[in-house]
Amino acid sequence: MIERARALVQQSRAIVAITGAGISAESGVPTFRGEGGLFRGRDGRELATPEAFAEDPGLVWSFYRWRRRVVARCEPNAAHLALAEAEDAGRCEVTVITQNVDGLHHRAGSRWIVALHGDLFVIRCSGCGRERHDPDPDWPPLEGRASADPDDPEGSVILPRCERCDALERPGVVWFGESLGNRVLEDAWAATKRANVVLVVGTSAVVQPAASIYRVARARGTTVIEVNPESTPISEDVDISLRGTAGAILPDLLGARRSEGG
Ligand code: BV8
Ligand code: ZN
């Protein structure tokens, strides 16, 4: 199967990789599920909602501050690097359509990125919508003292306000119940239509509409290859479903040099 998948990828002129939390698992980024998905005992999916932010913006900002700090310490892994190197080599067009908000594809060097769900390091005003990039993981600032755990001090954050209109600033991500920007979905569909091969990497294929983007490729007879240690709801529906980790399989498929010591 891997030989067939590698041949299809190597002869492709345009590759799309649809990625989820699993591609960042080997970098140590906690996914929403399992033990990593809890913050102060709350399920991450509960906190990633407009309702939670309206009810307790300080708790939601503490959650995102914690994730910014954890992610800032993580490094792109061999899978991110393989995609960036394939794009850089110019042998074929590589577009990354990611559900992740950890910024690791960008830090790996990928440039054609469709960030479906936004970015942890983008801050948006909940009033006027002004967006800015803020790489400082120690932001928003804390009031009072930090506790023993510097990643999650008990002290609450100072709620950030927009310089322009004084409304509360929020994380520049798409929460559950919020619609994705039309622009990102159109970009995702356009890239997927152009692709000869679509890789679906490290996603449980549950969250919509991200989980259905690959269908655009299926409808056109484009080859879809899944990479995941576990089977998912789309495993039966794709051409090739490779059981394994992204860090092991992507460098093999994309013919990239292994990262130093990777
Ligand atoms: C919308 C940003 C409506 C925030 C995120 C019922 C049915 C269908 C849909 C719904 C429904 N009820 C509600 C909905 C809609 C909802 C949804 O899909 N809910 C799900 C839970 C059923 N969707 C939405 O709300 C979306 N908006 O629908 O709007 C609308 C329409 C019009 C007008 C107004 C409104 C918005 C969804 C976006 C939410 N934001 N992130 C933040 O991060 O803080 S979602 C977030 O969770 C991620 O971005 C990602 O999308 C998702 C996590 O999923 P995965 O990435 O797949 O990660 P997961 O942990 O689940 O799986 C990891 C996988 O990796 C596993 O398969 C594992 O085996 C594998 N793996 C592990 N290790 C490795 C590996 N793979 C490879 N290598 C390894 N080493
Ligand atoms: Zn504003």
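Model, not experiment: these values are computed from the prediction. Numbering of ligands and ligand atoms starts at 1, following listing order. This chain uses plain numbering: 1 for the first residue, then up along the sequence.
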>> Taking 4.0 angstrom as the limit and counting only heavy atoms of Val101, give me the atoms of ligand 1 inside it, by number and element.
In response: 2 (C), 43 (O)
> With a 4.0 Å heavy-atom cut-off (strictly under), which part of Gln99 contacts ligand 1: side chain, backbone, both or neither?
Replying inline: both
>> Checking the N or O distance criterion of under 3.5 Å, is ligand 1 in contact with Ser204?
In response: yes
>> So, 4.0 Å and heavy atoms of Gly177: is ligand 1 close enough to count as a contact?
In response: yes
>> I need the atoms of ligand 1 closer than 4.0 Å to a non-hydrogen atom of Gly20, numbered in the order shown.
In response: 56 (O)
> Would you say the side-chain atoms of Ser27 pair up with the backbone N or O of Val29, donor to acceptor, closer than 3.5 Å?
Replying inline: no
> Is the shortest distance from a Lys or Arg side-chain nitrogen in Glu178 or Arg170 to a carboxylate oxygen in the other one below 4.0 Å?
Replying inline: yes
>> Nearest 10°: the angle subtended at the Zn ion (ligand 2) by Cys125 SG and Cys162 SG?
In response: 110°
> Going by heavy atoms in the side chains, are Leu47 and Tyr64 under 4.5 Å from each other?
Replying inline: no
> Are the ring centres of Trp139 and Trp61 closer than 6.0 Å?
Replying inline: yes
> Does Arg194 make a cation-pi contact with Trp189, if we ask for NZ or CZ under 6.0 Å from the ring centre and within 45° of the axis?
Replying inline: no
> Should the pair Arg68-Asp134 be classified as a salt bridge under the 4.0 Å nitrogen-to-oxygen rule?
Replying inline: yes
> Under a 4.0 Å N-O cut-off, is there an ion pair linking Arg218 with Asp239?
Replying inline: yes
> Which atoms of ligand 1 are found less than 4.0 Å from any heavy atom of Glu178?
Replying inline: 1 (C), 26 (C), 27 (N), 29 (O), 36 (C)
> Is a side-chain donor or acceptor of Asn228 paired with a backbone partner of Ser231 at a separation under 3.5 angstrom?
Replying inline: no
> Arg45: heavy atom below 4.0 Å from ligand 1, yes or no?
Replying inline: no
>> Regarding ligand 1, does Asn100 bring an N or O atom to under 3.5 Å of one of the ligand's N or O atoms?
In response: no
> Which one of Ala205, Ser179, Ala25, Gly202 has a non-hydrogen atom at the shortest distance from atom 30 (C) of ligand 1?
Replying inline: Ser179
>> Is there a polar contact between ligand 1 and Thr232, counting only N or O atoms under 3.5 Å apart?
In response: no
> Is the closest N or O pair between Val173 and ligand 1 shorter than 3.5 Å?
Replying inline: no
> Heavy-atom contact under 4.0 Å between Pro229 and ligand 1?
Replying inline: yes
> Hey, which atoms in ligand 1 end up nearer than 4.0 Å to a heavy atom of Glu26?
Replying inline: 78 (N), 79 (C), 80 (N)
>> Can you confirm, on distance only, whether ligand 1 has an N/O atom lying under 3.5 Å from any N/O atom belonging to Thr245?
In response: no
>> Evaluate Ile23 for polar contact with ligand 1, using N/O atom pairs at a separation under 3.5 Å.
In response: no
> Which atoms of ligand 1 are found less than 4.0 Å from any heavy atom of Val207?
Replying inline: 18 (O), 37 (C), 51 (O), 52 (C)
> Does Asn77 offer a backbone N or O that forms a donor-acceptor pair with the side chain of His80 under 3.5 Å?
Replying inline: yes
>> If we ignore hydrogens and angles and just use 3.5 Å, is the side chain of Asn196 paired with the main-chain N or O of Arg13 as donor and acceptor?
In response: yes
> Are Arg243 and Glu230 ion-paired here, with the side-chain N under 4.0 Å from a carboxylate O?
Replying inline: no
>> Only heavy atoms of Glu230, strictly under 4.0 Å: list the atoms of ligand 1 that pass.
In response: 69 (O)
> For Tyr214, which of Asp237, Thr203, Thr222 qualifies under side chain to side chain donor-acceptor pair (under 3.5 Å)?
Replying inline: Asp237
> Does an N or O anywhere in Gly244 fall below 3.5 Å from an N or O of ligand 1?
Replying inline: no
>> Judged on heavy-atom distance to atom 45 (S) of ligand 1, which of Phe63, Trp175, Tyr64, Phe176 sits nearest?
In response: Phe176
>> Within the 3.5 Å criterion, strictly below it, is a donor on Glu226 or Thr232 matched to an acceptor on the partner's side chain?
In response: yes
> Under 4.0 Å from any heavy atom of Arg67, which atoms of ligand 1 are there?
Replying inline: 42 (C), 43 (O), 44 (O)
> With the Zn ion (ligand 2) at the apex, how many degrees lie between SG of Cys165 and SG of Cys128, rounded to 10 degrees?
Replying inline: 120°
